Amino acid sequence: MIEARHLRVLRAVATTGSFSAAARELGCTQPAVSQQMKALESSTGTPLLIRTGREMRLTQAGEALVRHATGILAGLTAAEEEVAAIAGLRAGRVRLVSFPSGSSTLVPGALAALRAAHPGTRVSLVEAEPPRSVEMLREGDCDVALAFRYDGASEGASAAEEWDDLVVRPLLADRLVGLVPEGHRLAGAEAVTIGEFADEPWIAGCPRCRRQLVEVCEAAGFVPRIDFATDDYPAVIGLVGAGLGVAVLPELAIESVRPRGARTVTVEPAVRREIVALTLPDLAQVPAVAATLNHLARAAAR
């Protein structure tokens with residue numbers, strides 16, 4: 001095994017022409033240079049220097065190794081500088097995956113603040129709903145995943161267990177609100193119970209949100225009649241605004257879209273989803289990832 005420190009000594013000897021001169025250049029003793037050269041020759045299994053009196057010259061193998069050493073040591077120096085830049089947040093890359101309402105509300109402010117503080121850090125963004133976003137994190141396809149889970153949902157225990165080996169950064173509790181057409185009988189109500197929507201046609205959201213909706217309605221004593229289902233929150237709002245049904249949506253989703261033709265109402269009892277940022281334990285130690293988590297938390301606190 002050829003070590004970088006041995007290559008540095010060989011190059012110094014080749015440049016200066018003697019062990020003593022190489023020792024002065026490297027800031028060590030002449031016996032230390034001699035020991036390093038013996039170790040390198042032992043590693044390569046062939047003589048690298050020919051000593052004739054006070055003169056010293058390279059063997060053919062020594063010349064070849066010095067020629068390669070220049071490129072090897074230059075590459076190592078570049079690698080050390082790049083790693084130092086990443087560690088100091090002068091460079092770095094973070095791959096972020098988020099669900100749509102998080103992408104339009106939490107992510108923009110967080111990434112703008114991150115770029116202002118650390119302009120050398122680059123962040124890419126793709127969208128995916130949990131549990132797919134969590135799978136992407138585990139599969140190495142992203143570094144940070146924004147995800148959510150509903151309070152009291154049947155999946156809650158399994159989701160908590162699923163995240164046991166991850167670093168979980170809580171961001172906020174996102175309450176669900178009702179959405180009804182402007183002319184609906186409940187449009188002016190301050191608060192409604194979910195049971196008051198028992199006879200309404202429903203527009204449902206993503207699969208996880210749809211499952212949560214069914215559980216909440218069943219707990220209130222009815223099964224919702226879902227006429228439309230879409231992962232696109234603006235489409236949900238548009239369908240409600242056209243008078244085609246009612247819906248419950250997270251507040252983050254309402255915040256990101258102007259609900260034309262629709263009114264929001266408070267739904268009791270309150271149903272919330274926990275918004276979190278997830279990463280792997282080793283990734284949490286990477287400065288750019290840690291900075292991204294911090295800026296997401298600050299954006300959520302505003």
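All values reported here derive from a predicted model rather than from experimental measurement.
- Surrounding CZ of Arg132 are more than 12 heavy atoms belonging to other residues, nucleotides or ligands, all under 6.0 Å away.
- Nearest heavy atom pair, residue Cys206 against residue Phe148, reads SG-CZ, 4.2 Å.
- In terms of heavy-atom proximity, Ala290 sits nearest to Ala284 at CB-O, 3.8 Å.
- Using a 4.5 Å heavy-atom threshold, the side chains of Tyr150 and Cys209 count as touching.
- Expressed to the nearest 0.5 Å, how far CZ of Arg5 lies from SG of Cys28 amounts to 11.5 Å.
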### Task
Go through the steps to decide whether Phe228 and Trp202 satisfy the test ring pair (Phe, Tyr, Trp, His ring centres under 6.0 Å), and finish with yes or no.
CA-CA 7 Å; Phe228 303 97; Trp202 284 85; over 10 Å; no

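- The residues Arg138 and Asp165 are annotated as salt-bridged, a charged nitrogen and a carboxylate oxygen being separated by less than 4.0 angstrom.
- When atom types are taken as modelled, the side chain of Thr279 and the backbone of Asp143 share a donor-acceptor pair closer than 3.5 angstrom.
- Within the 3.5 Å criterion, the main-chain N or O of Glu251 finds a donor-acceptor partner in the side chain of Asp174.
- Residues that satisfy the ring-ring contact (aromatic ring centres under 6.0 Å, His included) test with Tyr233, not counting sequence neighbours, are absent from this structure.
- Sparse packing is recorded around CD of Glu190, with 12 or fewer heavy atoms of other residues, nucleotides or ligands lying under 6.0 Å away.
- Rounding to the nearest 0.5 angstrom, the gap separating the CG atom in Leu176 from the CG atom in Leu213 is 9.0 Å.
- Across all non-hydrogen atoms, the minimal contact from Asp227 to Pro201 is OD2-CB, 3.2 Å.
- Counting non-hydrogen atoms of other residues, nucleotides and ligands closer than 6.0 Å to CD of Glu82 gives a total of 12 or fewer.
- For Glu25, the side chain to side chain contact (heavy atoms under 4.5 Å, CB included) partners are Ala12, Thr16, not counting sequence neighbours.
- What you find for Arg208 and Pro130 is that their closest heavy atoms are NH1-CB, 3.7 Å.
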Review item, side-chain donor-acceptor pairs of residues 41-49, under 3.5 Å, at least two apart:
from	atom 1	to	atom 2	distance (Å)
Glu41	OE2	Leu48	N	2.9
Glu41	OE2	Leu49	N	3.4
Ser43	OG	Met1	O	3.3
Ser43	OG	Ala39	O	3.0
Thr44	OG1	Leu40	O	3.2
Thr44	OG1	Glu41	O	3.2
Thr44	OG1	Thr46	O	3.3

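- When every heavy atom of Glu196 is checked against every heavy atom of Leu186, the shortest pair comes out as OE1-CD2, 3.7 Å.
- No side-chain donor-acceptor contact under 3.5 Å links Arg210 to the backbone of Ile226.
- Using modelled atom types and a 3.5 Å distance limit, the side chains of Glu127 and Ser103 yield a donor-acceptor pair.
- The residues Glu129 and Arg273 are annotated as not salt-bridged, no charged nitrogen and carboxylate oxygen being separated by less than 4.0 angstrom.
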